[in-house]
Participant: 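Take a look at the following structure, please.
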Amino acid sequence: MPLHPRRTVLTAGATALLALAATACGGAATADGEGSGKVTVRIAYQSIPNADLVVKNQRLLEKALPDAEIRWVRFDSGGDVNTAVIAGAVDLGLLGSSPVTKGLSAPLDIPYKVLWIHDLIGDNEALVARKEIGSVAALKGRKVAAPFGSTAHYSLLAALDAAGMSAADVSLVDLQPQDALAAWQRGDIDAAYVWTPSLTELRKSGKVLVTSREIAARGKPTADLGVVTDAFAGKHPEIVDAWLSAEDQAVKLAKSDPAKAAAAIGAELNLTPEEARAQLAELVLLTAKEQQAPAYLGTPGKPGALAGNLRDAAVFLHGQKAIDAVPERSVFERALAVEELARAAR
């Protein structure tokens, strides 16, 4: 299944980057854990109901790496994660496929690799409108929110295109999911394309016009991906292996015992186990072995279709003037961590 990317426009200057680095690292912490004698692993995560939250809640990585200091840092979007990576504030992280594409393209050219597909986005990301608005076409002239450059933004533009419209036909507002929810509750916007858990609240009083699962069926799927910086992967391959094993373990738990996985996710998102299980079911999770398929990351010597899909997304981003140029497919092939994945899939 081809994948199209979750991105967010990077506008922070050097001062903001340094401030974010200090915040994410909790001050003077470094990747080598100066002062503690331990290696510090800084992980960027988002409030998305997938198996990454199971790893965090069940402390799977802490159990696998008792001699390391694990720091989980929450971010609201993949663009923010890219900013943190550039600032040297995180080592591993979750981003949508669009910010990953942007990160691997000029002018960012971030030196990181795609380690993992956290999920294929389905019904957990959608366009919700006021109940009196009956279709995407009826949004013409209306105020619509989405986190600019995110997978939601990408899917919104795809939905508008399918309805014979463009971004110029609506009034687009750049809002993160929680801010979009607040704007919705104030009556400031007519529609929003966001992901859970904010989406869950929007659906209570609005009408779903289209979901990312439906957009995917039209040939423009999206995904959440895991990345690791080249520097960290080169210096700490054993930690990368442990991280991949923990993610694989969590996905297997979500498949074999979704109730237990949902309880862990619910604890992280302040949801009931029932609510968390419903949101988890809206995503498609893949084990390490499944991610070796040709449609995904692939195997050593045979990089998967994800590379081509990321390049296709770069074409889209270039058209949106979000990147300077479209990289060659080989750039994305080299960015797939197929060697590391192969070790985890054994």
Side-chain angles (χ1 to χ4, degrees), residues 1 3 6 43-61 72 74-78 81 92-97 115-128 147 150-152 155 176-178 181 192-204 208 210-217 221-226 243-291 293 295-297 344:
M1 180 180 183
L3 308 171
R6 184 179 288 211
I43 305 172
Y45 77 100
Q46 296 187 50
S47 298
I48 299 171
N50 59 29
D52 196 37
L53 292 185
V54 177
V55 174
K56 179 179 183 294
N57 180 265
Q58 297 295 296
R59 298 179 60 82
L60 299 183
L61 198 55
W72 292 84
R74 189 178 69 82
F75 291 87
D76 291 327
S77 71
V81 177
L92 297 117
L94 181 154
L95 304 83
S97 39
L115 275 174
W116 189 251
I117 298 173
H118 282 291
D119 59 73
L120 304 178
I121 298 171
D123 299 322
N124 69 305
E125 198 168 284
L127 175 61
V128 178
S150 66
T151 44
S155 296
Q176 295 297 329
Q178 286 285 357
L181 175 59
Y193 207 126
V194 295
W195 51 86
T196 52
S198 296
L199 173 62
T200 303
E201 295 303 311
L202 286 171
R203 285 189 293 214
K204 291 179 180 177
V208 174
V210 67
T211 70
S212 291
R213 187 185 299 276
E214 293 169 318
I215 297 294
T222 46
D224 289 309
L225 306 175
W243 183 87
L244 281 168
S245 294
E247 293 290 344
D248 192 42
Q249 181 183 345
V251 168
K252 290 174 178 175
L253 176 66
K255 289 174 175 283
S256 65
D257 192 348
K260 183 174 181 180
I265 293 169
E268 292 294 322
L269 298 179
N270 196 28
L271 300 173
T272 67
E274 294 74 22
E275 290 171 330
R277 186 165 182 174
Q279 292 186 20
L280 177 63
E282 294 176 338
L283 297 166
V284 177
L285 307 184
L286 303 168
T287 65
K289 193 68 177 176
E290 290 170 335
Q291 293 190 31
Y296 304 117
L297 284 167

Participant: Compare every heavy atom of Val208 with every heavy atom of Ala126, then report the nearest pair and how far apart it is.
Facilitator: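 Scanning both residues, the minimum pair turns out to be CB-CG1, 4.1 Å.
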Participant: Go through it in stages, so that I can follow the logic: the residues are Ser150 and Ser77, the test is side-chain contact (heavy atoms from CB on, under 4.5 Å), and I'd like the CA-CA distance, side-chain angles, deciding distance and then a yes or no.
Facilitator: CA-CA 7 Å; Ser150 66; Ser77 71; 5.9 Å; no
Participant: Do any N or O atoms from the side chain of Ser97 and from the backbone of Ala223 form a donor-acceptor pair under 3.5 angstrom?
Facilitator: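 It does hold such a pair.
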Participant: With distance as the sole criterion, is a donor-acceptor pair present between the side chains of Thr200 and Gln279 under 3.5 Å?
Facilitator: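 Note: Thr200 and Gln279 side chains meet the donor-acceptor criterion.
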Participant: State whether the side chain of Gln291 and the backbone N or O of Ile117 hold a donor-acceptor pair below 3.5 Å, judged by distance alone.
Facilitator: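 Yes, Gln291 side chain to Ile117 backbone: donor-acceptor pair under 3.5 Å.
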Participant: Shortest non-hydrogen contact from Gly96 to Thr151?
Facilitator: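 Heavy atoms only, the tightest pair is CA-CG2, 4.4 Å.
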Participant: Using modelled atom types and a 3.5 Å cut-off, is there a donor and acceptor pairing between side-chain atoms of Asn50 and backbone atoms of Asp119?
Facilitator: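 No, the answer is negative, given that no donor and acceptor are paired below the 3.5 Å cut-off.
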Participant: Are there over 12 heavy-atom neighbours, none belonging to Arg59, within less than 6.0 Å of that residue's CZ?
Facilitator: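 No.
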Participant: Distance-only, no hydrogens or angles: does the Glu214 side chain make a donor-acceptor pair with backbone N or O of Thr211 under 3.5 Å?
Facilitator: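 Yes; at least one donor-acceptor contact below 3.5 Å.
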Participant: Do you see a donor-acceptor pair shorter than 3.5 Å between the side chains of Glu282 and Thr196?
Facilitator: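 Short answer, no.
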Participant: Are Asp257 and Lys255 ion-paired here, with the side-chain N under 4.0 Å from a carboxylate O?
Facilitator: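 Salt bridge: no.
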Participant: Gln249 and Leu60: which non-hydrogen atoms are nearest, and at how many Å?
Facilitator: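 Minimum heavy-atom separation between Gln249 and Leu60: NE2-CD2, 3.7 Å.
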Participant: Does Lys56 pair with Asp52 as a salt bridge, N-O distance under 4.0 Å?
Facilitator: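 Looking at Lys56 and Asp52, the cut-off is not met.
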Participant: Output yes when Glu274 and Arg277 qualify as a salt bridge under the 4.0 Å nitrogen-oxygen rule, no when they do not.
Facilitator: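 Result for this pair is no, no salt bridge flagged.
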